[in-house]
Visitor: 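My structure is below; once you've seen it, I'll send some questions.
Indexing begins at 1, ligand by ligand and atom by atom, following the structure's order. Keep in mind that what you see is a predicted model, and the values were worked out from it rather than measured.
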Amino acid sequence: MKILDISHLTIRFGGLTAVNDFDMSVSKGEIVGIIGPNGAGKTTVFNMLTGIYTPTSGTIHYRDILLNNRQPHEIAKMGICRTFQNIRLFDKMTVIENVMVASHTRTAERFINILTRSKKMRKTEAAVESNAMTLLELVGLADYRYEYAPSLPYGLQRKLEIARAMAAEPEIILLDEPAAGMNDRETSEMAKFILEIRDMGFTVVLIEHDMRLVMGICDRVYVLNFGSLIAEGCCEDVKTNPAVIEAYLGKEVQLNASTRS
Ligand SMILES: Nc1ncnc2c1ncn2[C@@H]1O[C@H](COP(=O)(O)OP(=O)(O)OP(=O)(O)O)[C@@H](O)[C@H]1O
Ligand SMILES: [Mg+2]
């Protein structure tokens with residue numbers, strides 16, 4: 001079942017067309033990859049999907065709801081959450097607090113309740129904490145719950161960011177280069193983790209430069225180059241597509257390699 005439908009999506013910044021006539025659809029339960037050279041427009045697609053940028057033209061439909069012109073918090077509440085290319089955790093919060101903050105967007109408590117700490121509020125808070133704990137156990141971060149986020153090893157900070165996105169209970173999780181800066185072992189663990197997330201029922205859209213990761217776990221891949229879609233399909237088709245090889249000129253080795261360069 002198709003849950004996300006992007007059609008003719010275009011955005012211009014002054015004279016630069018960062019994304020040009022981009023089409024993409026995502027079905028429930030898929031892991032869909034978006035790849036392309038630096039500056040191709042991948043993150044800009046996520047920024048439009050999450051309401052950070054408003055498209056110049058084209059449409060984004062999530063389950064028949066038009067997302068153009070929606071606010072980021074509305075879109076998150078509807079069921080689309082993301083991580084960022086550069087880690088954005090709350091540095092002065094513990095691991096569990098980072099997750100609890102995200103699930104609070106769901107509980108929609110009135111501010112006055114927070115001030116008065118009503119009985120209902122305390123109950124909600126306990127529920128939020130217990131949900132956060134369950135999630136941390138699920139993703140293997142329970143032992144770190146009282147550590148401050150910046151003290152975690154890099155790979156676990158990335159995992160925590162994803163856990164935080166999961167805490168808002170979205171249907172779709174957008175991951176912007178979750179394996180950036182990771183070594184081979186951490187990258188394989190991330191691949192396994194993304195497959196687990198999918199098995200938990202989340203639909204995943206993944207931007208990633210690491211071809212082995214993308215080709216190893218994605219059901220379908222979209223390839224952007226200078227803002228335009230140059231190929232789309234299953235990993236095997238995309239890997240052998242001449243336009244894709246051309247876009248990655250000099251990087252064919254990386255596209256086909258069995259080990260990461
Ligand atoms: N707010 C903005 N104002 C002006 N130009 C922008 C803005 N956001 C993005 N761009 C430009 O749009 C193009 C696409 O950027 P984007 O960040 O989407 O690329 P990317 O595919 O995510 O690249 P990378 O792999 O390096 O992360 C770039 O040329 C970038 O400079
Ligand atoms: Mg990017």
Visitor: Would one find more than 12 heavy atoms of other residues, nucleotides or ligands at under 6.0 Å from atom OH of Tyr144?
Guide: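 No - once you tally the heavy atoms of other residues, nucleotides and ligands closer than 6.0 Å, there are 12 at most.
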
Visitor: For the residue pair Thr203 and Glu30, confirm or rule out a side-chain donor-acceptor distance under 3.5 Å.
Guide: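 Note: Thr203 and Glu30 side chains miss the donor-acceptor criterion.
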
Visitor: At what distance, to the nearest 0.5 angstrom, does CD1 of Ile217 lie from CZ of Arg212?
Guide: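 That separation rounds to 12.0 Å.
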
Visitor: Please write down residue, atom name and distance for the protein heavy atom closest to atom 15 (O) of ligand 1.
Guide: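 Its nearest protein heavy-atom neighbour is Thr44 OG1, 3.6 Å.
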
Visitor: Checking a contact table here: which protein heavy atom is nearest atom 8 (N) of ligand 1, and how many Å away?
Guide: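 Protein heavy atom with the smallest distance to atom 8 (N) of ligand 1: Tyr53 OH, 3.3 Å.
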
Visitor: Tell me whether Glu74 is salt-bridged to Lys77, with the criterion being a basic N under 4.0 Å from an acidic carboxylate O.
Guide: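 Salt bridge: no.
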
Visitor: Thinking salt bridges, do Arg220 and Glu232 make one under a 4.0 Å N-O criterion?
Guide: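 Yes, charged N to carboxylate O under 4.0 Å.
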
Visitor: Do me a favour and list the nearest non-hydrogen protein atom to atom 6 (C) of ligand 1 with residue, atom name and distance?
Guide: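 Looking only at protein heavy atoms, the one closest to atom 6 (C) of ligand 1 is Phe13 CD1, 3.4 Å.
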
Visitor: Who's the nearest protein heavy-atom neighbour of atom 17 (O) of ligand 1, and how far?
Guide: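 Sorting protein heavy atoms by distance from atom 17 (O) of ligand 1 puts Thr43 CB, 3.8 Å first.
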
Visitor: Which residue holds the protein heavy atom closest to atom 26 (O) of ligand 1, what is that atom called, and what is the gap in Å?
Guide: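 Looking at atom 26 (O) of ligand 1, the protein heavy atom closest to it is Asn38 ND2, 2.8 Å.
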
Visitor: For atom 12 (O) of ligand 1, what's the nearest protein heavy atom and its distance?
Guide: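 Scanning the protein heavy atoms, the shortest distance from atom 12 (O) of ligand 1 goes to Ala18 CB, 3.3 Å.
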
Visitor: To the nearest 0.1 Å, how far is atom 29 (O) of ligand 1 from its closest protein heavy atom, and which atom is that?
Guide: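 Checking every protein heavy atom, the shortest distance to atom 29 (O) of ligand 1 gives Leu16 CD2, 3.6 Å.
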
Visitor: Nearest protein heavy-atom contact for atom 27 (O) of ligand 1: which residue, which atom, what distance?
Guide: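 Checked against all protein heavy atoms, atom 27 (O) of ligand 1 sits closest to Gln85 NE2, 2.7 Å.
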
Visitor: Pick one of side chain, backbone, both or neither for how Val19 approaches ligand 1, counting any non-hydrogen atom pair under 4.0 Å.
Guide: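 Under 4.0 Å from ligand 1, Val19 contributes no heavy atoms.
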
Visitor: Within the protein, is there a heavy atom lying under 4.0 Å from atom 31 (O) of ligand 1?
Guide: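 Under the 4.0 Å cut-off, atom 31 (O) of ligand 1 has no protein heavy-atom neighbours at all.
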
Visitor: For a quick check under 3.5 Å, do Glu186 and Tyr154 share a side-chain donor-acceptor pair by atom type?
Guide: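 Checked: Glu186/Tyr154 side chains show no N/O donor-acceptor pair below 3.5 Å.
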
Visitor: Do any heavy atoms of Phe46 fall under 4.0 Å from ligand 1?
Guide: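 No.
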
Visitor: From the options Gly14, Pro37, Gly36, Gly39, select the one whose nearest heavy atom is closest to atom 13 (C) of ligand 1.
Guide: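 It is Gly39 that holds the nearest heavy atom.
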
Visitor: Does any N, O or S atom of Asn38, backbone or side chain, fall under 2.8 Å from the Mg ion (ligand 2)?
Guide: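 It does not: Asn38 brings no N, O or S atom closer than 2.8 Å to the Mg ion (ligand 2).
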
Visitor: Is the cationic atom of Lys92 (NZ for Lys, CZ for Arg) positioned less than 6.0 Å from the six-membered ring centroid of Tyr148 and within 45 degrees of its normal?
Guide: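 So Lys92 doesn't make the cation-pi contact.
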
Visitor: Can a donor-acceptor pair be found between the side chains of Asn47 and Arg82 at a distance below 3.5 Å?
Guide: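 There is such a pair (donor and acceptor under 3.5 Å, judged by atom type) between the side chains of Asn47 and Arg82.
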
Visitor: Against heavy atoms of Glu177, which atoms of ligand 1 measure under 4.0 Å?
Guide: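 Heavy-atom distances to Glu177 below 4.0 Å select 25 (O), 27 (O).
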
Visitor: Output yes if Gln85 passes the N/O/S-under-2.8 Å test against the Mg ion (ligand 2); output no otherwise.
Guide: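 Yes, since at least one N, O or S atom of Gln85 sits under 2.8 Å from the Mg ion (ligand 2).
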
Visitor: Are any of the N/O atoms on Ala40, whether in the backbone or the side chain, positioned under 3.5 angstrom from an N/O atom of ligand 1?
Guide: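 Min N/O separation from ligand 1 is below 3.5 Å for Ala40.
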
Visitor: Is the Tyr53 to Phe13 ring centre distance short of 6.0 Å?
Guide: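 When the ring centroids of Tyr53 and Phe13 are compared, they turn out to be within the sub-6.0 Å range.
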
Visitor: For Asp219, is there an ion pair with Arg198 - N to carboxylate O distance below 4.0 angstrom?
Guide: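 Salt bridge present between Arg198 and Asp219.
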
Visitor: Run the salt-bridge test on Lys159 and Glu189 with the 4.0 Å N-O cut-off and return the result as yes or no.
Guide: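 Not counted as a salt bridge, because no side-chain N and carboxylate O are separated by less than 4.0 Å.
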
Visitor: Below the 3.5 angstrom mark, is there an N/O of Gly41, backbone or side chain, next to an N/O of ligand 1?
Guide: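 Right, the criterion is met.
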
